[in-house]
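Here is the structure we will look at.
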Amino acid sequence: MSALLSPALLGRIERVELRAQAMRHGALAGLHRARGFGSSIEFAEHKEYAPGDDIRHLDWKVYGKVDRYHVKQFEHESEQTAYVVVDASASMAYAGDGPSKLLRAATLAAAIAHVLIRQRDKAGLYLFGDPALERYVPPRSQPVHLRDLLIVLEDVATAGGRGEEAPSRALDRVAELAARRRSLIVLISDLFEAGGQALSALRRLRARHHDVAVIHTLDDDELSLPFHGQTRFESLEGPRALTADPGAIRKLYSARMAEFLAQVESECRAAAIHYVRAVRTTPPEDTLTELSAARERRRPGRRR
């Protein structure tokens, strides 16, 4: 299938579901696609006419080309539309003692797209962070669409990010792309942006009644600062550098990191944004299972 979606991983996420959530001012009813011939929001495809089909939806242009009757099929509102937003900025290139954060983010994005398309929902992809790598793949639900998403994700994961575009700008762009319909928006990022602007952008998405989830992708080194001796720390997103003894700054660093993580979790919880943290040692199937479980707990009719 793909370097990102091994048969073993596919087997481990086979039972994972990412169902739509009802919103305060309406509902994302989309548990799956409903095909039909009534009023709809988007043309889907043609099918050859069969007795009993509504002749009002015969496509005479197609008949003129192939000399056979075809009717138009449409996608109804019951289909969920999702945007998977992947941070490909330079900070995501950090690898520590294992795969880079970007490679792990690409794997998670591929797995999420697979789950959505398996549910017959529409999965789109927006990659940001590096202008040279920025990509947008519009949401589609056909199985062949997964291949297109995987090609883009594999290319970006291999190239690695070098830019420093902020998550907030990308999220505002996704808000424009999703303006016509309430959607599931999954951000996969380390959320490293000064001033908490990424969290503000996530809150704006929720204010527009989108269903929002965050997979906070970090490396174990970023949590524990496990280095020893005089060390030169260089920023991946700019010319900044610091030489210091990790032992002398570890306590302050840990306190600042804990404060950052607590703020992200607290603000996500307050805005009803599903939050999952994924570090290097977290298997992708565990991250998806945790996200699915968190969303199930908040589904309407579920006890909190």
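- Under 4.0 Å is where a charged nitrogen must lie from a carboxylate oxygen, and between Lys101 and Asp219 no such pair does.
- At a threshold of 4.5 Å between non-hydrogen side-chain atoms, the residues Glu165 and Glu134 count as touching.
- For the 3.5 Å distance criterion, the side chains of Gln230 and Thr243 fail to qualify, holding no donor opposite an acceptor.
- For Ile13 against Arg118, the heavy-atom pair with the smallest separation is O-NH1, 3.1 Å.
- Here the closest non-hydrogen pair linking Leu202 and Ile273 is CB-CD1, 3.7 Å.
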Determine, step by step, whether Val212 and His274 satisfy the side-chain contact (heavy atoms from CB on, under 4.5 Å) criterion, reporting the C-alpha distance in whole Å, the side-chain angles of both residues, the deciding distance to 0.1 Å, and the verdict. CA-CA 7 Å; Val212 184; His274 300 101; over 6 Å; no
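- The stretch residues 164-205 participates, sequence neighbours left out, in these ring-ring contact (aromatic ring centres under 6.0 Å, His included) pairs: Phe192-Phe260.
- Among all heavy-atom pairs drawn from Arg104 and Ala278, the shortest one is NH1-O, 3.8 Å.
- No side-chain donor-acceptor contact under 3.5 Å links Glu259 and Gln263.
- If you run side-chain hydrogen bond (donor to acceptor under 3.5 Å, both in side chains) between Tyr275 and each of Glu290, Glu265, His216, only His216 comes through.
- Considering every non-hydrogen atom in both Ile117 and His145, the closest pair reads CD1-CD2, 4.1 Å.
- Between Gly229 and Pro246, the shortest heavy-atom contact is O-CD, 2.8 Å.
- If you take CG on Leu5 and OG1 on Thr107, they are separated by 7.5 Å, rounding to the nearest 0.5 Å.
- Side-chain polar atoms of Asp190 and Thr217 form no donor-acceptor pair below 3.5 angstrom.
- Here the side chains of Val214 and Leu191 are in contact, with some heavy-atom distance below 4.5 Å.
- Within the model, atoms CD of Glu267 and OG of Ser200 stand 7.0 Å from one another, a figure rounded to the nearest 0.5 Å.
- Not a single donor-acceptor pair under 3.5 Å links the side chain of Ser89 to the backbone N or O of Asp87.
- By the 4.5 Å heavy-atom criterion applied to side chains, Tyr94 and Ser100 are not counted as neighbours.
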Go through it in stages, so that I can follow the logic: the residues are Asp121 and Val115, the test is side-chain contact (heavy atoms from CB on, under 4.5 Å), and I'd like the CA-CA distance, side-chain angles, deciding distance and then a yes or no. CA-CA 9 Å; Asp121 290 326; Val115 169; over 6 Å; no
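- Side-chain contact between Asp221 and Phe227: present, with at least one pair of heavy atoms (C-beta onward) separated by less than 4.5 Å.
- His210 places a side-chain N or O within 3.5 Å of a backbone atom of Ser183 that can act as its donor or acceptor partner.
- A salt bridge links Arg295 to Asp211: one of the charged nitrogens lies within less than 4.0 Å of a carboxylate oxygen.
- You'll find the side chain of Leu133 stays beyond 4.5 Å of the side chain of Leu127, heavy atoms only.
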Please test Leu261 against Arg277 for side-chain contact (heavy atoms from CB on, under 4.5 Å), starting from the C-alpha separation and ending with a verdict. CA-CA 9 Å; Leu261 295 175; Arg277 188 182 306 158; 3.7 Å; yes
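- In this structure, Leu291 CG and Asp286 CG are separated by 12.5 Å, a value rounded to the nearest 0.5 Å.
- The one candidate from Leu153, Ile151, Leu125 that meets the side chain to side chain contact (heavy atoms under 4.5 Å, CB included) condition with Val137 is Leu125.
- Side chains of Val186 and Ile215 form a contact here, defined as non-hydrogen atoms less than 4.5 Å apart.
- If you check the side chains of Arg120 and Ser141, you find no donor sitting under 3.5 Å from an acceptor.
- For Arg269 and Ser266, the side-chain atoms include no donor-acceptor pair closer than 3.5 Å.
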Verdict with supporting geometry, Arg173 and Tyr126, side-chain contact (heavy atoms from CB on, under 4.5 Å): CA-CA 9 Å; Arg173 172 63 177 143; Tyr126 186 73; 3.5 Å; yes
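- Of the possible donor and acceptor atoms, none in the side chain of Ser254 sits under 3.5 Å from a partner among the backbone N and O of Lys251.
- Side-chain atoms of Gln119 come within 3.5 Å of backbone atoms of Leu18 as a donor-acceptor pair (strictly under, hydrogens ignored).
- The minimum heavy-atom distance between Ser189 and Pro167, with the atom names listed, is OG-CG, 3.9 Å.
- A 4.5 Å side-chain heavy-atom check between Gln80 and Lys122 finds every atom pair outside the cut-off.
- Counting heavy atoms from C-beta outward, Leu187 and Phe128 have side chains that approach closer than 4.5 Å.
- Within the model, atoms OG of Ser292 and CD of Glu285 stand 13.5 Å from one another, a figure rounded to the nearest 0.5 Å.
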